[in-house]
Amino acid sequence: MHKKIASDAAAAALSSTLLDWYDAHARVMPWRVGPAERAAGTRPDPYRVWLSEVMLQQTTVAAVRDYFRAFTDRWPRVTDLAAAADADVMAAWAGLGYYARARNLLKCARVVTQDHGGRFPDTAEGLRALPGIGPYTSAAIAAIAFDRPETVVDGNVERVMARLRGIETPLPPAKPELTEAAAALTPDKRPGDYAQAVMDLGATICTPRNPACGICPWRDPCVARATGIAAELPRKLPKKPKPTRFGLVYVARHPDGAWLLETRPDRGLLGGMLAYPSTDWTEEAPADAPPVAADWHDPALEVRHTFTHFHLRLALRTAITDAPPARGRFVPRAAFRPADLPTVFRKAHDLAAAHLDTGFPSPL
DNA sequence: CACCCGTGGGT
DNA sequence: TACCCAAGGGT
């Protein structure tokens, strides 16, 4: 995308300083090639770079680690992932959030396998055409896996550039300006290490709240540090308040112990995920709409959960019935793992399971 | 372009 | 508690 590279001595000195810092402080991560391996000529595996970058979208390193290991243990190559069942991949992603990423991950693996012979395109443009790969991820894979001098711009880079250059334009309007600042510093040597260096800097030193300017490799050239406003940058436009929505969630068990579950439609919130049947989630309390005929109980318990753009309060309903469900299917106890549910439904499960174990007249 | 789309940790 | 934040992409 952004092919402009460091063109003057000052920019080259800045990127060189940061690469020196990176060589001394790079964090160890499961998807990174260590210095010894790199010295031996080992290149990063594009599949692992891609998988880690998609998992890391809007997500912390700590949250990703175990998922990355689980995925690469189970599906070591992109062709293995392409051959996986949709439900297995969605279940393995459960809890990580932004489930469209998992749907696009699988689409992408299948396109790479079927249309590209199992090999990822080695340019940002080629990568950008794949499902779930946008401006950031295409540049990151091209730089890290294929040594292309692409400019990688994520939230860390935006924050670091705003401070380094003292850019006070608020986000998101500042995006083009910050991207230009980042492009002017991108080196043509070791662009992948440089990209990871800026992101590591943002994650460990140039942090959102209390930046550790005293130990920053860029403390001397940093404009915001000089003017004392580092912690205030980048400025951001105010956000819209989150409304609260309400709904009912139905947890039914068959006398044989099976749970009544459904797979949500591919599009929209929690798309493609395993779930308990529920009403629509609306700002006015919705009407009761049980998925199966039963003597439904109201345990007076509520699940509270906050999504990206609204708060949710779900009233719990429980039942035990062997009636044929109008919606969803009974999943045998042995075939159901609560960890396969997205978090809001895992909360509902935990609440219902505790209730069914104690206060509910259950034959189970 | 504005909006939609999760989650867990930090303050 | 309530808010902020994270290695964004799709529509």
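Numbered from 1 within each chain, the chains take letters A, B, ... in sequence-line order.
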Q. If you round to the nearest 0.5 Å, how far is NZ of K242(A) from CZ of F310(A)?
A. 10.0 Å
Kindly list each side-chain donor-acceptor pair under 3.5 angstrom involving residues 93-100 of chain A, sequence neighbours excluded, with atom names and distances?
{"residue": "W93(A)", "atom": "NE1", "partner": "G97(A)", "partner atom": "O", "Å": "2.9"}
{"residue": "Y99(A)", "atom": "OH", "partner": "G95(A)", "partner atom": "N", "Å": "3.0"}

(Q) Could you check, using the six-membered ring where one of them is a Trp, whether H309(A) and F307(A) have ring centers closer than 6.0 angstrom? (A)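 H309(A) vs F307(A): aromatic centres not under 6.0 Å.
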To the nearest Å, give me how far apart [atom1] ([X]) and [atom2] ([N]) are.
{"X": "R235(A)", "N": "dC4(C)", "atom1": "CZ", "atom2": "P", "result": "16 Å"}
{"X": "Y136(A)", "N": "dG10(C)", "atom1": "OH", "atom2": "C1'", "result": "18 Å"}
{"X": "R101(A)", "N": "dG10(C)", "atom1": "CZ", "atom2": "P", "result": "12 Å"}
{"X": "L312(A)", "N": "dT7(B)", "atom1": "CG", "atom2": "C1'", "result": "14 Å"}
{"X": "W281(A)", "N": "dG6(B)", "atom1": "CH2", "atom2": "C1'", "result": "11 Å"}
{"X": "L96(A)", "N": "dC5(B)", "atom1": "CG", "atom2": "C1'", "result": "13 Å"}
{"X": "L237(A)", "N": "dC4(C)", "atom1": "CG", "atom2": "P", "result": "13 Å"}

Q | Within residues 320-331 of chain A or reaching into it, pairs that qualify as side-chain hydrogen bond (donor to acceptor under 3.5 Å, both in side chains) - sequence neighbours excluded | A |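 Listed once each, the pairs are E262(A)-R327(A), T263(A)-R329(A).
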Q: Classify the nucleic acid contact of I133(A) as base, sugar-phosphate or nothing, counting any heavy atom under 4.0 Å across all strands shown.
A: sugar-phosphate
Q. What is the nucleic acid contact for M273(A), judged by heavy atoms within less than 4.0 Å: base, sugar-phosphate only, or nothing?
A. nothing
Q.
Between dG8(B) and dG9(C), how many Å separate the two P atoms, rounded to a whole number?
A. 22 Å
Would you say [X] places a side-chain N or O within less than 4.0 Å of OP1 or OP2 belonging to [N]?
{"X": "R159(A)", "N": "dA6(C)", "value": "yes"}
{"X": "K242(A)", "N": "dC3(C)", "value": "no"}
{"X": "T343(A)", "N": "dG6(B)", "value": "no"}

Q. side-chain contact (heavy atoms from CB on, under 4.5 Å) with D193(A): which residues, sequence neighbours excluded?
A. L19(A), Y22(A), R38(A), R190(A), Q196(A)
Q | For P217(A), all residues meeting side-chain contact (heavy atoms from CB on, under 4.5 Å), sequence neighbours excluded | A | T17(A), L18(A), W21(A), L201(A), I205(A)
Can you give me the N/O atom pairs linking the protein to nucleotides 1-4 of chain B at distances under 3.5 Å, or say none if there are none?
none

Q) Can you find an N or O donor on one side and an acceptor on the other, under 3.5 Å apart, linking the side chain of Y98(A) with the base of dG6(B)? A)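 For Y98(A), whose side chain was compared with the base of dG6(B), there is a donor-acceptor pair (under 3.5 Å).
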Q) The side chain of N104(A) lies closest to which of these nucleotides: dG10(C), dG6(B), dT7(B)? A)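 Looking only at heavy atoms from C-beta outward on N104(A), the closest nucleotide is dG10(C).
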Q.
Nearest to the K239(A) side chain among dC5(C), dG6(B), dG8(C), which nucleotide is it?
A.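 In terms of side-chain proximity for K239(A), the closest of dC5(C), dG6(B), dG8(C) is dC5(C).
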Q.
Looking at R103(A) and D86(A), is any side-chain nitrogen of the basic one under 4.0 Å from a carboxylate oxygen of the acidic one?
A.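 No.
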Q: Dot-bracket notation for DNA chain C is requested: 5' to 3', Watson-Crick or G-U wobble pairs only, both distances under 3.5 Å, with ( ), [ ], | and . as defined.
A: .|||||.||||
Q: For the pair H254(A) and L260(A), evaluate side-chain contact (heavy atoms from CB on, under 4.5 Å) and give the outcome as yes or no after the intermediate values.
A: CA-CA 8 Å; H254(A) 193 278; L260(A) 182 58; over 6 Å; no
Q.
Parallel, tilted or perpendicular, judged at 30° and 60°: which one describes the rings of W31(A) and F68(A)?
A. perpendicular
**Q.** Connected via hydrophobic side-chain network under 4.5 Å: W218(A) and V223(A)
**A.**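 No, separate clusters.
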If you link ILVMFWY side chains whenever their heavy atoms are less than 4.5 Å apart, which other residues fall into the same cluster as [X]? By chain and number, please.
{"X": "L237(A)", "result": "none"}
{"X": "L233(A)", "result": "I229(A)"}
{"X": "F246(A)", "result": "none"}

Q) Heavy-atom contacts under 4.0 Å between residues 208-216 of chain A and DNA chain C, which residues? A)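 Heavy-atom cutoff 4.0 Å gives P208(A), R209(A).
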Q: Can you sort out which residues in residues 48-78 of chain A have a heavy atom within less than 4.0 Å of DNA chain B? Ascending by number, please.
A: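 Nucleic-acid contacts, sorted: Q58(A), T59(A).
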Please output the side-chain donor-acceptor pairs of residues 265-278 of chain A that fall under 3.5 Å, not counting sequence neighbours, one pair per line with the distance.
{"residue": "Y276(A)", "atom": "OH", "partner": "H349(A)", "partner atom": "ND1", "Å": "2.7"}
{"residue": "S278(A)", "atom": "OG", "partner": "W281(A)", "partner atom": "NE1", "Å": "3.2"}

